[in-house]
Amino acid sequence: MKKYPYLLILICFLLHVSVQAQGNNGEQAEEAETRLYTPATVPSPKEYGQQYYVSDPDHFLRPTMTDSLNRLCHDLYRTTEAELAIVLISGFDEDKWWASDFCNELFNSWGIGSSERNTGVLLFFSLGTRDIRIHTGYGVEGLLPDAVCDIIIDNDIQYLSAGDYNTGIWGMANGITNQLLTDQAREELLLGWTPKRHSEEDDLVYNYLFISLIALILLTIIVMVKLGKLSKASFDKRPQLIDKTGNTQTKLGCLSIFFPLTLPFLYYAYRKQRKTFRDIPYSCPSCGGEMKRLPEEDFEKKATEAQKKENKLHIFRFDYWECPMCGQTGVARFMDKAYSNYKDCKTCGEHALKYMDYKVTTQPTYDKRGEGSKRYQCEVCGAESFVTYSIMSLYEREQARIREERRREAERYSSSGSSSSSGGSWGGGSSGGGGAGRKF
Ligand SMILES: [Zn+2]
Ligand SMILES: [Zn+2]
């Protein structure tokens with residue numbers, strides 16, 4: 001019987017040890033779940049898109065609550081351009097940061113709020129250190145002074161203490177947005193950006209005018225240089241140069257899309273100039289006298305059959321020049337509007353080879369290419385010529401179709417989804433450390 005008390009003490013001791021061990025296990029489990037963040041490792045919600053404001057990597061909030069908060073913040077942004085970021089983390093290293101320092105670093109590295117007006121607010125929650133804090137940017141310190149932040153936290157801190165993070169954070173986020181959405185606040189937040197918009201537009205107009213002016217000067221110089229070259233050029237050279245200015249005209253036309261203000265003038269001047277380029281008298285290659293251009297009626301008398309044909313088909317235009325002193329003649333040939341529809345004929349050398357039709361000579365199969373033949377005929381000498389070409393196999397055609405579909409899909413994705421699917425960014429605002437916070 002004397003052994004029982006010892007046995008009882010032994011049992012009690014064993015029980016005590018096992019309970020303590022369980023307690024230790026429990027504490028270790030909780031510590032393992034507490035991830036320690038640095039301001040650099042808190043994931044930015046903007047990675048998901050422009051209308052995301054809540055960073056809750058350890059999932060303290062219900063998904064529906066996160067959605068509601070994102071909507072609340074986005075509505076605030078749309079009406080006032082103020083950005084409210086909400087961050088919930090399991091903890092950070094208290095030896096390295098105060099909550100206010102952590103918030104300030106996070107706030108400025110993300111750049112919450114507009115970069116000009118600094119209208120950003122950060123609602124910060126850290127469970128491990130039991131910190132709740134409202135951190136304000138310079139631009140909202142007037143609307144959310146420290147005392148007001150204190151009141152907003154006071155109103156709902158009991159929910160955080162009780163572990164009901166959803167209700168607590170929702171209450172505080174609404175406290176903040178209510179403060180920023182009063183008529184007076186909206187006016188103040190919006191008034192801030194009116195002058196900014198103006199200066200940005202002024203800059204744009206100024207830059208545009210400046211670039212246009214530079215473009216105008218440069219192009220005028222180019223025209224002058226070309227004009228100088230032209231008046232000295234011979235019969236063969238000048239039409240080539242003029243035809244090149246034709247290309248330049250097209251380029252100028254394209255450019256004027258970007259600088260519609262200045263370039264039409266230049267374009268117009270250039271067109272007029274081009275007509276007079278043709279009229280600058282050539283100097284006679286034999287006697288050096290000034291040649292005269294023959295009237296258009298004389299063309300039929302002077303022209304060869306090939307030239308008549310090319311003239312009729314609008315491949316070339318011809319100017320005939322004659323020297324009144326020694327009778328020397330010269331012909332200047334210019335590309336006309338149909339020039340690019342023709343190729344050079346190897347038989348007669350004229351630029352009059354026209355595409356007629358094609359014939360498939362070998363049908364393509366699934367894995368082998370086919371072959372075809374394009375038929376050309378010269379409008380001047382009538383000679384035919386053939387060019388063989390390769391036809392995609394059915395497999396290649398299928399692959400090309402798939403590639404094309406993918407490309408279109410990607411295009412649609414990137415053009416429609418800049419706000420919904422791809423990432424966004426904060427406005428670039430900064431904070432001087434205003435706000436309020438405490439332990440819950
Ligand atoms: Zn002459
Ligand atoms: Zn020919």
Side-chain angles (χ1 to χ4, degrees), residues 223-247 249-250 272-362 370-391:
V223 171
M224 301 285 273
V225 168
K226 285 211 163 180
L227 197 70
K229 268 193 195 164
L230 269 173
S231 52
K232 283 177 204 142
S234 66
F235 273 108
D236 303 331
K237 264 284 165 64
R238 200 198 289 185
Q240 278 176 26
L241 282 173
I242 293 177
D243 286 335
K244 269 191 204 152
T245 66
N247 293 337
Q249 271 183 31
T250 320
K272 278 210 106 167
Q273 202 65 261
R274 194 190 172 199
K275 271 194 184 145
T276 57
F277 285 162
R278 281 181 68 178
D279 301 329
I280 301 169
Y282 289 86
S283 44
C284 172
S286 329
C287 71
E290 195 174 271
M291 298 180 84
K292 287 232 150 35
R293 193 163 77 183
L294 297 177
E296 301 241 341
E297 305 90 80
D298 288 0
F299 175 75
E300 289 293 325
K301 281 182 251 165
K302 300 274 182 183
T304 65
E305 283 307 309
Q307 285 171 344
K308 278 181 197 164
K309 197 98 190 200
E310 286 167 343
N311 190 57
K312 209 175 144 195
L313 292 169
H314 297 289
I315 302 172
F316 292 114
R317 275 178 306 172
F318 298 91
D319 282 347
Y320 277 87
W321 293 81
E322 201 168 53
C323 175
M325 322 284 244
C326 67
Q328 168 81 40
T329 57
V331 57
R333 193 177 74 163
F334 304 94
M335 287 177 202
D336 206 351
K337 59 189 177 210
Y339 178 85
S340 53
N341 300 344
Y342 295 85
K343 290 168 177 286
D344 287 335
C345 170
K346 291 217 171 67
T347 314
C348 68
E350 294 294 338
H351 185 85
L353 200 61
K354 194 188 178 190
Y355 168 71
M356 306 304 285
D357 50 25
Y358 72 94
K359 210 162 48 185
V360 175
T361 46
T362 316
E371 208 174 68
S373 172
K374 288 181 187 170
R375 185 169 70 90
Y376 292 85
Q377 191 164 30
C378 178
E379 293 278 9
V380 171
C381 71
E384 277 189 339
S385 74
F386 297 88
V387 175
T388 57
Y389 65 98
S390 164
I391 303 167

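Ligands are counted one by one from 1 in listed order, and the atoms in each one are counted from 1 as well.
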Taking the six-membered ring of Tyr389 as reference, does the cationic atom of Lys374 (NZ for Lys, CZ for Arg) lie under 6.0 Å from its centre and within 45° of its axis?
yes
So what does the Cys287 SG - the Zn ion (ligand 1) - Cys326 SG angle come to, to 10°?
120°
Please say whether the positively charged group of Arg333, taken as NZ for Lys or CZ for Arg, lies over the ring of Phe316, i.e. under 6.0 angstrom from the six-membered ring centre and within 45 degrees of the axis.
yes
Quick one: do Lys359 and Glu371 make a salt bridge, cutoff under 4.0 Å?
no
For the metal site, I want the angle between atom SG of Cys381 and atom SG of Cys345 with the Zn ion (ligand 2) at the apex, to 10°.
110°
To 10 degrees, how wide is the angle SG (Cys284) to the Zn ion (ligand 1) to SG (Cys323)?
110°
Where Gln328 and Ser286 come nearest, the two heavy atoms and their spacing
OE1-OG, 2.7 Å
